[in-house]
Enquirer: 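Shown below is the structure under consideration.
Values below: every heavy atom of this structure, side chains too, minus hydrogens, waters and symmetry copies.
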Amino acid sequence: MAGLEAMVKYPGFGFLLNPVFFRAFSASLHLVLLLLLFVSWVRKRIKMGALENCKRTRFLYYKQTFACCQGLSLLNFFLCFLNYFYWYGNGWSDEKLVTLLDLVLRTLAWGAVCVYLHTQFHGSVEPKFPFLLRVWWGFYFSISCYCLVIDIVKKHQSLPIQFLVPDIVYVITGLFLCNSGDKSKGEAAVTPFSKAGFFSLLTFSWMGPLIAEGNKKALDLEDVPQLDTSNSILGVFPAFRNKLQCDSGGSSGVTTFKLVKALIFASWAEILLTALFVLLNTLASYVGPYLIDTFVQYLNGRREFKNEGYLLIMAFFVAKLVECISVRHWFFRLQQVGIRIRAVLITMIYNKGLTLSRQSKQGHSTGEIINLMSVDVQRIGDFTSVAAFFATVIIMLINVPLGKWQEKFQDKLMESKDKRMKATAEILRNMRILKLQGWEMKFLSKIVDLRKNETGWLKKYLCTSAMTTFVFWGAPTFVSVVTFGTCMLIGIPLESGKIVSSLATFRILQEPIHGLPDLISMIAQTKVSLDRIASFLCLDDLQSDVIERLPEGSSDTAIQIADGNFSWDLSSPNPTLKDINLQVCRGMRVAVCGTTGSGKSSLLSCMLGEVPKISGILKLCGTKAYVAQSPWIQSGKIEENILFGKEMDRERYERVLDACSLKKDLEVLSFGDQTVIGERGINLSGGQKQRIQIARALYQNADIYLFDDPFSAVDAHTGTHLFKECLLGLLGSKTVIYVTHQVEFLPAADLILVMKDGRITQAGKYNEILKSGTDFMELVDAHKKALLALNSVDSGNIGGTSELVEKEENKGGQNCTAEEINGPKGQLVQEEEREKGKVGLSVYWKYIRTAYGGALVPFILLSQILFQLLQIGSNYWMAWASPMSDDVKPAVRGSTIIIVYVALAIGSSFCVLSRAMLLVTAGYKTATILFNKMHLCVFRAPMSFFDATPSGRILNRASTDQSAIDISIAMKVGAFAFSLIQLLGIIAVMSQVAWQVFIVFIPVIATCIWYQQYYIPSGRELVRLAGICKAPVIQHFSETISGSMSIRSFDQESRFRNTNMKLVDGYMRPNFNIAGAMQWLCFCLDMLSSVTFAFSLVFLISVPEGVIDPVERLLQYTFIPSEPPLVIEENRPACCWPSHGQVDIQDLQVRYAPHMPLVLRGLTCTFPGGMKTGIVGRTGSGKSTLIQTLFRIVEPLAGQIMIDGTNISSIGLHDLRSRLSIIPQDPTMFEGTVRSNLDPLEEYSDEQIWEALGKCQLGDEVRKKGGKLDSAVIENGENWSMGQRQLVCLGRVLLKKSKVLVLDEATASVDTATDNLIQQTLRQHFVDSTVITIAYRITSVLDSDMVLLLDHGLIEEYDTPTRLLENKSSSFAKLVAEYTVRSNYSLESAGDI
């Protein structure tokens, strides 16, 4: 105070508050502007010729800026005219003359600015408004604020309304002009933030172009500028990774502390800058309470010096200005840090997932890791955005019991969420098999049970949060009670000035204290999430020293294994591969064969470095390519899948397409090789997926090729073509190691390896090993036995058709091209839908009314209203009851003051408790209902929804959005309502104290509404874009995890990491701009609130739109069109249906989607009951589609299917699917036990299950395992071989014993001997059943009663095998002849070796 007095006593200081001075100063500045504009205009005229040919561009706000300047000129002219005639009749004074001169110069100056803008600036090539104008607008805004403050504080001198209204208009227009000036479109790809000047950074005006663009149209991702290097993941991640590696000494040493340390290090500059803003904000916020006592004394007549009131008002205003600016940059910088942290953690988790060992992956499913990436990372990022609020109290909270409870509940909550997400991811991956088997509702109940366990912990967590809220919201009131009570006890007088000053201080302390419950929750959440991520980062990676890589061309040996022992599980006493000794020279073809589960695939994995090494040496020389047994296809175009990161070489590309027989398929597809493949190749047949995978390997032009049984998923003709053109043709000079179950492909090998129980039991050429042991002999004998069915075909028939085989290879399926297939065309996978435009009130209404029909909402609002009234009442009571000074007698006794205040405090505390408990109850109930609704709709959705919707989109809603609805949405919606009530309370109090403020308040509200309407379109679309941009990150990660072995085999890890970084940057872009846009709006409103003290308007206008987005996204998935009913009560089939099993197909037409071409084009045929029908045809002919239509996975466009006279479309889906059985093309096992995989519905006894296992040749295998029927099955059944998984599927149908059985390429993944056993088992146990078999092995359908041959969705042939074989020109005869020729040629060539 002494400093202020000294300043006031300085001679001449008072003139600053003199109206004559500031009007004269304003006039002088406008005169200077006029002169500068004239000089600038002259210079421009001289240079005009040089600009005539330049490209003209329009600037952001040009029209608005021009209209603003024109309006100011007209306003000043009107005021000048009005005042002249008013003062002319009432006399003049110095102040009036100077004011009139100011208005005249303002009119001329703004008119000159209009002319300048129109003549010189319209269509200018300058990137910004001229520096002169930008500086002037800054001065103008400052002068306007100065004039308004002076006019307001002189209100007791009967200030005319004609001065106050123009001052407000000047301030608002000045604020607008300061925020204008950049180009309308961000032509630079990088965010303007990176090159913004000081004033632009200070006012957030660098966000102007994007907000203006969003005000014109709905923003798309391409409208959002790229991040600069300092904010991009490419710039941030290296520093974080290097720091973490330096501290941890490798991934195994990562701890939570080291992780936090590295995260802080990655953004230390922003954190320090934030600390500076926090300090400024704290200092500025205490100026008001410090001076308010002096201000109250001033109002009571105690004045220390002249103009003391003006100086106090200016001090309040400047402090408020500093507080507003600092808090805006504090929040923005923290949000910036949060976005960076989310990005580096997502990238770190992705990179870790790409290198995880198989053992580690078994303990962490894809769903769990996605949970880490979506929920945990989000929470850590959110924590950084608020943590600095309470940096001073974190130490205090370490031992708070509530915090400990919340940490425990949060830990359990995340564990249960992991289990749910793990199950959800697995179910979404295998939804087709669930629907085929009619199991989807059973698995939905499994998800609901997991959710019930999760919501048990959620309820405890939310109740603890509510209690914490009660404790800490009540704390400030009790602090003030104790303070005032202590003052009375020790005799400190309670004067009104001190009371108001104390209450103002408590008010400042109240904000962080009110936030402590959220902080405790957030600390608990963040600690749990950090622990989980650190634990994940500590998991074992693949062994880096398994393979010793030799320089390319340095050795004639491509692969060498000496005394190799390898095991997937290093803790197991029984290694997976034992005593492996192998040497493969460059250019050799090596075949690997053996029975199901003998270790063939593990041997290839070992050569890729995937299997941990126990002992031995493994050397590899050259690049490698790998084709997995189960095709791994990326979402995206077919061309991208084949190129797989390589540059396009058109000639090589065409050769690869020819070799893989893909050209005919591409001709049929609507978009050729530009067709977008759905998730996991959902819109391709099994054979097409396999051939694309082979094409990908061929195009890489590697030195070593590893094929894991690639011919099992294609028909005989295509298999022969692939073997001839790929292995013997394009790869003739390459080193090729191929696993196969087809004996006919073995003689072409230079070396054959026979595997049994993880050992190479025989090695050599075909004839050598045929004579040297029994293992190989068993395989060959099984193959010969399968060929016995062909003996009835005379040799002449074979010879006669062999000539046709060659012609058929050239002819293929040219008879049907894409042009001939009628129907609309379109991509299967479409861009994710997002709502556009305003968030409908229906979204809020649905959310509010979800729980108990909204019955709790009035009680929640009533609790807050009572709390607000009691708070206002207690403050008013203390101010009224306390004396103005020592010499004034108090209105009531001191004890009465405290008693009443305590009573009001207790009442307000209980209002907080009821509000918190009611809000938690409503939020919990709403989250539960929305979860159940969405999951029911998703599980009942038709298969077409899952074909067109990547699982990442569904998982994003089930994890991130559901988590937000569980924990934060109710709190945020409640906080908005509470702030609105608080604002109304403030307005009510102000109307009683100083009604004149409404003169300012009304135009400010109008301006706030304008800012809201201007900002909301951009803010809303940015929030939606952020939600959509997260799904591709999750989707890409999910695909990477499932295909990590293929990615590593092609040495493509760095490309996939870069792709992930681009996707993460795409996700960060809208989030970064959301933070900027929010602070831009808050800054504008803060400037207004600094003038009007209506601070609550900021929260009122900025919160609701972004908060509700997760609800909007979840509600989208509650309106998915459903499949037909599971059960139609009035039309249920008899319990014995189908009794005969006859299937009648009449004019069947099918397409997968309205925009897709027809797949089946008018099929009519009958499958006789109790007979075996084989369906054959080239890849993509419609075989699997016919089966899906039989199960109503796809509904027919026209025609019908009748089973025993019942139209399958007239009964419920569950009634249909539960009466049919299928062994699908892709063998599927679920995480759980052997029992739960064979009998998910728990309908059979253990004896029946063991009987089924015995029939499908798995009984002995299961008995070997310690848990027997309770033996563990890991995610995707990866601890079982592909063939064993297929046998489990056989076990399921043996248990079910349906009258209609479908085999969809059921034996594609097993060896010939196992195939023969399966066929024998089926003949024995399904003798009276209708068996429909799709098979690529001709021997599997030769003993059928009928054979149906499909070609491009049409029936080409349908008759008994005998009649078809008698007709030498029949397509079936050609297929059999080709298979026979190929097999016999293999055996004959082996005999010649």
Enquirer: Closest approach of His721 and Ser661, non-hydrogen atoms and distance?
Expert: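 Result for this residue pair: CD2-OG, 2.8 Å.
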Enquirer: Taking atom types as modelled and ignoring hydrogens, do the side chains of Ser635 and Glu1039 form a donor-acceptor contact shorter than 3.5 angstrom?
Expert: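 There is such a pair (donor and acceptor under 3.5 Å, judged by atom type) between the side chains of Ser635 and Glu1039.
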Enquirer: Does the Ser1370 side chain pair with the main chain of Leu1364, one donor and one acceptor, at a distance under 3.5 Å?
Expert: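 Present.
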Enquirer: Would you check if the side chain of Gln543 reaches a backbone N or O of Lys613 as a donor-acceptor pair within less than 3.5 Å?
Expert: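 Looks like yes, one N/O pair under 3.5 Å.
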Enquirer: Using the ring of Tyr626 (Phe, Tyr or Trp, six-membered ring only), decide whether Arg1048 places NZ or CZ under 6.0 Å from its centre and within 45 degrees of its axis.
Expert: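 No, cation not above the ring by the 6.0 Å, 45° rule.
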Enquirer: So, for Phe745 and Tyr738, is the gap between ring centers shorter than 6.0 Å?
Expert: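 Not under 6.0 Å, so no.
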Enquirer: Which value, rounded to the nearest 0.5 Å, describes the distance between Leu550 atom CG and Leu620 atom CG?
Expert: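 It comes to 7.5 Å.
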Enquirer: Could you walk me through whether Lys624 and Asp1051 satisfy the salt bridge (Lys or Arg N to Asp or Glu O under 4.0 Å) test, starting with their C-alpha distance in whole Å, then the side-chain angles of each, then the deciding distance to 0.1 Å, before giving a yes or no?
Expert: CA-CA 8 Å; Lys624 58 192 185 304; Asp1051 296 321; 3.3 Å; yes
Enquirer: Can you see whether Thr623 engages Asp703 through a side-chain donor-acceptor pair at a distance of less than 3.5 angstrom?
Expert: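 Yes, because at least one side-chain N or O of Thr623 sits under 3.5 Å from a partner of the opposite role on Asp703.
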Enquirer: Just wondering, do Leu753 and Ile737 contact through their side chains at under 4.5 Å, heavy atoms?
Expert: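 A side-chain contact under 4.5 Å is absent here.
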Enquirer: Would you say Asp545 has more than 12 foreign heavy atoms packed within less than 6.0 Å of its CG?
Expert: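 More than 12 heavy atoms, drawn from other residues, nucleotides or ligands, come within 6.0 Å of this atom.
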Enquirer: I'd like to know whether Ser605 forms a side-chain contact (heavy atoms from CB on, under 4.5 Å) with Trp568, so could you lay out the CA-CA distance, the side-chain angles of the two residues, the decisive distance to 0.1 Å, and finally the verdict.
Expert: CA-CA 10 Å; Ser605 299; Trp568 288 114; 3.7 Å; yes
Enquirer: Which atoms form the tightest heavy-atom contact between Ala591 and Leu746, and what is the distance?
Expert: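 Distance-wise, the nearest heavy atoms are CB-CD2, 3.6 Å.
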Enquirer: Angle between ring planes, Tyr699 versus Tyr653, binned at 30° and 60°: parallel, tilted or perpendicular?
Expert: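 Aromatic pair Tyr699/Tyr653 classed perpendicular.
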Enquirer: Please evaluate residues Met755 and Ile760 with respect to the criterion side-chain contact (heavy atoms from CB on, under 4.5 Å), reporting the C-alpha separation (whole Å), side-chain torsions for both, the decisive distance (0.1 Å), and the verdict.
Expert: CA-CA 5 Å; Met755 300 286 298; Ile760 299 175; 3.6 Å; yes
Enquirer: Show the nearest heavy-atom pair for residues Cys621 and Ile704, with the distance to one decimal.
Expert: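 Nearest heavy atoms, Cys621 then Ile704: O-CD1, 3.5 Å.
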Enquirer: Apply side-chain contact (heavy atoms from CB on, under 4.5 Å) to residues Cys660 and Leu698 and explain how you reach the verdict.
Expert: CA-CA 9 Å; Cys660 296; Leu698 294 182; 3.6 Å; yes
Enquirer: Does any non-hydrogen side-chain atom of Ser1049 lie less than 4.5 Å from one of Leu706?
Expert: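 No, side chains not in contact.
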Enquirer: Looking at Asp757, I want to see if its CG is surrounded by more than 12 non-hydrogen atoms of other residues, nucleotides or ligands under 6.0 Å.
Expert: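 Incorrect, the count does not exceed 12.
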Enquirer: Hey, what do you get for CG (Leu354) to CG (Asn1060), rounding to the nearest 0.5 Å?
Expert: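 Here the rounded value is 9.0 Å.
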Enquirer: Quick one: does Lys756's side chain have a donor or acceptor within less than 3.5 Å of a partner on Gly594's backbone?
Expert: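 No; judged by distance alone, with no hydrogens or angles, the pair does not exist.
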Enquirer: With the side chain counted from C-beta on, respond yes when Ile642 and Leu662 share a heavy-atom pair under 4.5 Å apart, and no when they do not.
Expert: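 Side-chain contact under 4.5 Å: yes.
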Enquirer: Is the number of heavy atoms from other residues, nucleotides or ligands under 6.0 Å of Lys578 NZ greater than 12?
Expert: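 Counting other residues, nucleotides and ligands, NZ of Lys578 exceeds 12 neighbours.
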Enquirer: Quick one: pull up CH2 in Trp632 and OG1 in Thr1040 and give me the separation to the nearest 0.5 Å.
Expert: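 The OG1 atom of Thr1040 is 6.5 Å from CH2 of Trp632, to the nearest 0.5 Å.
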Enquirer: Kindly indicate, with the supporting measurements, whether the criterion side-chain contact (heavy atoms from CB on, under 4.5 Å) is fulfilled by Asp658 and Glu725.
Expert: CA-CA 8 Å; Asp658 277 330; Glu725 296 298 324; over 6 Å; no
Enquirer: If you look at every heavy atom in Val611 and Ser602, which pair is closest and at what distance?
Expert: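 Scanning both residues completely, I find the closest heavy atoms to be CG2-O, 3.7 Å.
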Enquirer: Taking the side chain as C-beta and beyond, is there a heavy-atom pair between Ile1223 and Gln1286 under 4.5 Å?
Expert: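 Answer yes - side chains close enough.
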Enquirer: If I compare all heavy atoms of Leu608 with all of Ile547, which pair ends up nearest, and what's the gap?
Expert: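 Leu608 and Ile547 have their closest heavy atoms at C-CD1, 3.5 Å.
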Enquirer: Any side-chain heavy atom of Leu727 within less than 4.5 Å of one from Tyr705?
Expert: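 No - every pair of side-chain heavy atoms lies 4.5 Å or more apart.
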Enquirer: State the CG-NZ distance between Leu657 and Lys664, to the nearest 0.5 angstrom.
Expert: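 If I round to the nearest 0.5 Å, the distance is 12.5 Å.
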Enquirer: Ignoring hydrogens and angles, tell me if any N or O in the side chain of Gln693 forms a donor-acceptor pair with the backbone of Ala628 under 3.5 Å.
Expert: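 Pair found, side chain donor or acceptor close to backbone of Ala628.
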Enquirer: To check you understand the geometry: which heavy-atom pair defines the closest contact between Val584 and Thr735, and what is its length?
Expert: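 Scanning both residues, the minimum pair turns out to be CG1-CG2, 3.6 Å.
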Enquirer: Taking the side chain as C-beta and beyond, is there a heavy-atom pair between Phe1050 and Arg696 under 4.5 Å?
Expert: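 Contact flag for Phe1050/Arg696 side chains = yes.
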Enquirer: Output the distance between atom NZ (Lys1183) and atom CG (Asp1351), rounded to the nearest 0.5 Å.
Expert: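 Here the rounded value is 10.0 Å.
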Enquirer: How about Gln634 and Phe1056: do any of their side-chain heavy atoms sit closer than 4.5 Å?
Expert: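 Gln634 reaches Phe1056 side chain to side chain.
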Enquirer: Mark yes or no for whether Arg1285, through its side chain, and Trp1280, through its backbone, hold a donor-acceptor pair below 3.5 Å.
Expert: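 Pair found, side chain donor or acceptor close to backbone of Trp1280.
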Enquirer: Would you find a donor on one side and an acceptor on the other, under 3.5 Å apart, between the side chain of Gln629 and the backbone of Ser601?
Expert: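 No, the answer is negative, given that no donor and acceptor are paired below the 3.5 Å cut-off.
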Enquirer: With distance as the sole test, does Glu610 use its side chain to make a donor-acceptor pair with the main-chain N or O of Ser357 at under 3.5 Å?
Expert: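 A pair under 3.5 Å: no.
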Enquirer: A side-chain contact here means heavy atoms from C-beta on lying under 4.5 Å apart; do Asp563 and Asn581 qualify?
Expert: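 They are in contact (side-chain heavy atoms under 4.5 Å apart), so the answer is yes.
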Enquirer: Quick one: pull up CZ in Arg586 and CG in Asp556 and give me the separation to the nearest 0.5 Å.
Expert: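 Those atoms lie 5.0 Å apart.
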